[in-house]
Amino acid sequence: MVDAALEKRQVKRAYALYSPIYDFIFDRIFHPGRVAAVKLLDIQPDERILEVGIGTGLNLPLYPRHCRLTGIDLSDKMLEKAQAKIEELGLDNVTLKVMDASALDFADNEFDRAVATYVISAVPDPLGVLREMRRVVKPGGAIVILNHFRSQSRVVGALEDLVSPLCTRLGWKSNLALEPLLREVGLTPELITKVNVFNGWRLLRCGNRK
Ligand SMILES: C[S@@+](CC[C@H](N)C(=O)[O-])C[C@H]1O[C@@H](n2cnc3c(N)ncnc32)[C@H](O)[C@@H]1O
């Protein structure tokens, strides 16, 4: 409990530092995956969508205006950047909240779909976050995850294990394994593709069977 609290403080501190430079570093390089992730959500008119760990809101221009989007993040500094984009783009269908993704302040089945891009390996409790996404998405709704996971190649996987202590210090896990995580949370992907440079990121869509 105390450890988890400490990790959350570390996340907040790290992203307060990253927030001024985040878009400069992560906008273009990760853009193809973002476009594919929002497309894969297949949002229908008036649906309620949850974006977990919305960060500076780089996905905001990609959503259809007919949906009702809620974006949450642990970092108020990242959300300040997202709020500036909402104003710049004149969006009136988006609500932002400071919230911990592993303890969502939403009712069961409140959303039609949920998405997390480049988040699952950057949170202290990936399993808790996926469990919460399952809880707040309606039965039959879609959960879309875009993330780098531990490579299935033995050599690359071993390299990712090697650099993992450094990456953890920078704020993300380089060797988070996808399959055990999905098994534990009870999600089965309907579709998995690889995106971005070197096809190094996996994009998956799971139906929320409850
Ligand atoms: C690598 S950034 C990704 C931001 C955004 N999703 C994107 O695609 O650019 C990871 C984000 O997850 C947020 N985060 C980390 N742990 C979190 C938690 N427990 N609850 C909510 N947000 C969290 C961080 O504050 C940060 O904004």
Side-chain angles (χ1 to χ4, degrees), residues 1-41 49-63 69-86 89 94-106 111 113-136 143-149 166-174 176 181 185 195-197 200-204:
M1 187 76 176
V2 175
D3 277 357
L6 186 70
E7 283 194 61
K8 274 185 232 163
R9 273 207 303 276
Q10 284 166 346
V11 168
K12 280 190 185 183
R13 207 169 0 169
Y15 283 95
L17 284 175
Y18 291 149
S19 61
I21 51 164
Y22 186 88
D23 288 7
F24 181 72
I25 299 173
F26 295 112
D27 185 0
R28 289 186 61 165
I29 186 164
F30 288 157
H31 187 71
R34 298 178 187 290
V35 174
V38 176
K39 193 166 171 218
L40 195 60
L41 269 173
I49 312 298
L50 173 66
E51 183 174 338
V52 165
I54 190 168
T56 62
L58 283 172
N59 297 332
L60 284 169
L62 305 173
Y63 288 100
L69 176 70
T70 301
I72 67 105
D73 202 285
L74 205 54
S75 165
D76 55 337
K77 294 294 175 202
M78 294 290 272
L79 286 183
E80 278 173 17
K81 299 282 176 189
Q83 183 59 40
K85 287 191 186 70
I86 289 174
L89 295 164
V94 183
T95 309
L96 298 178
K97 291 182 178 166
V98 178
M99 202 183 285
D100 177 4
S102 59
L104 292 173
D105 191 14
F106 298 117
F111 294 93
R113 293 158 207 266
V115 60
T117 62
Y118 312 114
V119 169
I120 294 300
S121 58
V123 297
D125 178 10
L127 188 61
V129 171
L130 288 174
R131 284 203 176 115
E132 279 293 83
M133 289 174 81
R134 284 206 65 188
R135 182 182 68 75
V136 302
I143 293 176
V144 168
I145 306 292
L146 167 60
N147 208 77
H148 173 79
F149 292 99
L166 173 67
C167 293
T168 306
R169 290 186 75 128
L170 294 172
W172 73 92
K173 298 176 186 76
S174 58
L176 182 67
L181 194 62
V185 78
V195 292
N196 293 335
V197 276
W201 281 257
R202 277 181 269 180
L203 171 62
L204 49 138

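As the structure lists them, so they are numbered: ligands from 1, and atoms in each ligand from 1.
- Checked against the 6.0 Å centroid criterion, the rings of Y118 and W172 do not qualify as a close aromatic pair.
- At least one N/O-N/O distance between D100 and ligand 1 falls below 3.5 Å.
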**Q.** Check against salt bridge (charged side-chain N to carboxylate O under 4.0 Å, His left out), K85 and D23
**A.** CA-CA 11 Å; K85 287 191 186 70; D23 288 7; 2.6 Å; yes
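- Less than 4.0 angstrom separates some heavy atom of T117 from each of these atoms of ligand 1: 3 (C), 5 (C), 6 (N), 7 (C), 8 (O).
- Residue I145 comes nearest to M133 through the heavy atom pair CD1-CE, 4.0 Å, listed as atom of the first residue, atom of the second, then distance.
- In terms of protein heavy atoms, atom 17 (C) of ligand 1 is closest to V123 CG1, 3.6 Å.
- With a 4.0 Å heavy-atom cut-off, ligand 1 is reached by the side chain of R34 but not by its N, CA, C or O.
- Less than 4.0 angstrom separates some heavy atom of V11 from each of these atoms of ligand 1: 15 (C), 16 (N).
- Considering backbone and side-chain N/O of P124, none are found under 3.5 Å from N/O of ligand 1.
- Taking 4.0 Å as the cut-off, Y118 counts as a neighbour of ligand 1 on heavy-atom distance.
- Within the 4.0 Å heavy-atom shell around ligand 1 one finds Y22.
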Less than 3.5 Å apart, which donor and acceptor atoms pair up between the side chains of residues 75-84 and the rest of the protein, not counting sequence neighbours?
unit_1, atom_1, unit_2, atom_2, d
S75, OG, K77, N, 3.4
S75, OG, M78, N, 3.1
Q83, NE2, E87, OE2, 2.9

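- The part of I54 lying near ligand 1 is the backbone, judged by heavy-atom distances below 4.0 Å.
- Around atom 4 (C) of ligand 1, the closest heavy atom drawn from A101, A116, G53 belongs to G53.
- Close N/O approach between S102 and ligand 1 is not found [any backbone or side-chain N/O within under 3.5 Å].
- Residue-ligand proximity, V119 to ligand 1, at heavy-atom distances under 4.0 Å covers atoms 6 (N).
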Q | Pair R113-I143, side chain to side chain contact (heavy atoms under 4.5 Å, CB included): steps then yes or no | A | CA-CA 6 Å; R113 293 158 207 266; I143 293 176; over 6 Å; no
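- Residues L50 and V52 form a side-chain contact, since some pair of their non-hydrogen atoms from C-beta on lies under 4.5 Å apart.
- For ligand 1, the atoms sitting less than 4.0 Å from at least one non-hydrogen atom of M99 are 20 (N), 21 (C), numbered in the order shown with element in parentheses.
- Counting heavy atoms closer than 4.0 Å to ligand 1, residue F30 contributes nothing at all.
- Panel note: side chain R135, backbone L104; a donor-acceptor pair is recorded below 3.5 Å.
- In this structure, K8 has no heavy atom closer than 4.0 Å to ligand 1.
- Of all atoms in ligand 1, listed by their number and element, those nearer than 4.0 Å to a heavy atom of S75 are 25 (O).
- Of the residues listed (L181, T168, N147), the one engaging S121 in a side chain to side chain contact (heavy atoms under 4.5 Å, CB included) is N147, and it is the only one.
- Counting non-hydrogen atoms of other residues, nucleotides and ligands closer than 6.0 Å to NZ of K12 gives a total of 12 or fewer.
- Ring centroid separation for the pair Y22 and Y18 does not come in under the 6.0 Å cut-off.
- Each of the atoms 27 (O) of ligand 1 lies under 4.0 Å from some heavy atom of M78.
- Remark: minimum distance from atom 22 (N) of ligand 1 to any protein heavy atom is reached at L74 N, 3.1 Å.
- Ranked by closest heavy atom to atom 12 (O) of ligand 1, the top entry among D73, D125, N147 is D73.
- Minimum heavy-atom separation, L146 to A37: CD2-CB, 4.2 Å.
- With S102 as the fixed residue, the side chain to side chain contact (heavy atoms under 4.5 Å, CB included) test singles out one of V123, D125, L74: D125.
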